[in-house]
Amino acid sequence: MRSVLTAFVLFLFTLTTVHAADTGWTEMPHNDHARVRVTSDQWKDGKLRLLLAVELQPGWKTYWQSPGEGGVAPELTWQKASADTQWFWPAPQRFDVAGLSTQGYGGSVVFPLEVTAAQALPVLSGTLTLSTCSNVC
């Protein structure tokens, strides 16, 4: 079974400094096997550090930046903001099922992110697309 979790992420920031912000755990009603949480750390020199935490139910997995033969890498798309996001990928696991090999994460994983913007952002919102799978995808 394959599922795509699309979560809306919203942060409120001041124009000059960012205080720690936290979305709390978010899950979609039709995808209760996965939940995500985003926390901000620091805004400095036009860069915002974020942590994207993902928790998956037992038997489910999500994918690495190069997922292999049967997965889709997570993607974060910012809305109404000109910002670039650099992902810092933790080392993945290898999953071999039915002759297919994929790379990703089971259980829980935290992705450090660095968002670069030309100006301080009072509001930063975006959509996270997170492909999840419980078997061959």
To the nearest 0.5 angstrom, please state how far the [atom1] atom of [X] sits from the [atom2] atom of [Y].
X: Leu52; Y: Leu130; atom1: CG; atom2: CG; value: 7.5 Å
X: Asp84; Y: Lys47; atom1: CG; atom2: NZ; value: 10.5 Å
X: Thr39; Y: Leu50; atom1: OG1; atom2: CG; value: 7.5 Å
X: Thr62; Y: Glu55; atom1: OG1; atom2: CD; value: 13.5 Å
X: Ser131; Y: Lys61; atom1: OG; atom2: NZ; value: 10.0 Å

Side-chain H-bond candidate by donor/acceptor type, His33 with Ser134, under 3.5 Å: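 No pair is found: no donor N or O on one side chain lies under 3.5 Å from an acceptor on the other.
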Heavy-atom closest pair, residues Ala73 and Pro67: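 Result for this residue pair: N-CG, 3.9 Å.
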Check: Gln65 side chain, Trp89 main-chain N or O, donor-acceptor pair, under 3.5 Å: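 Not at all, since once roles are kept as given, no pair shorter than 3.5 Å links the two residues.
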Thr23 (side chain) donor-acceptor with Val38 (main chain) under 3.5 angstrom: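 It does hold such a pair.
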Verify the cluster assignment for [X] and [Y]: are they in a single hydrophobic cluster under the rule of side-chain heavy atoms below 4.5 Å apart?
X: Leu51; Y: Val115; value: no
X: Trp60; Y: Val110; value: no
X: Leu48; Y: Trp78; value: yes
X: Phe95; Y: Leu56; value: no

Trace of the side-chain contact (heavy atoms from CB on, under 4.5 Å) decision for Tyr63 with Cys133: CA-CA 9 Å; Tyr63 298 97; Cys133 185; 3.1 Å; yes
Ring geometry between Tyr105 and Phe111 (parallel below 30°, tilted from 30 to 60°, perpendicular above 60°):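 Perpendicular.
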Stepwise side chain to side chain donor-acceptor pair (under 3.5 Å) check, Ser101 with Asp96: CA-CA 5 Å; Ser101 203; Asp96 293 307; 2.7 Å; yes
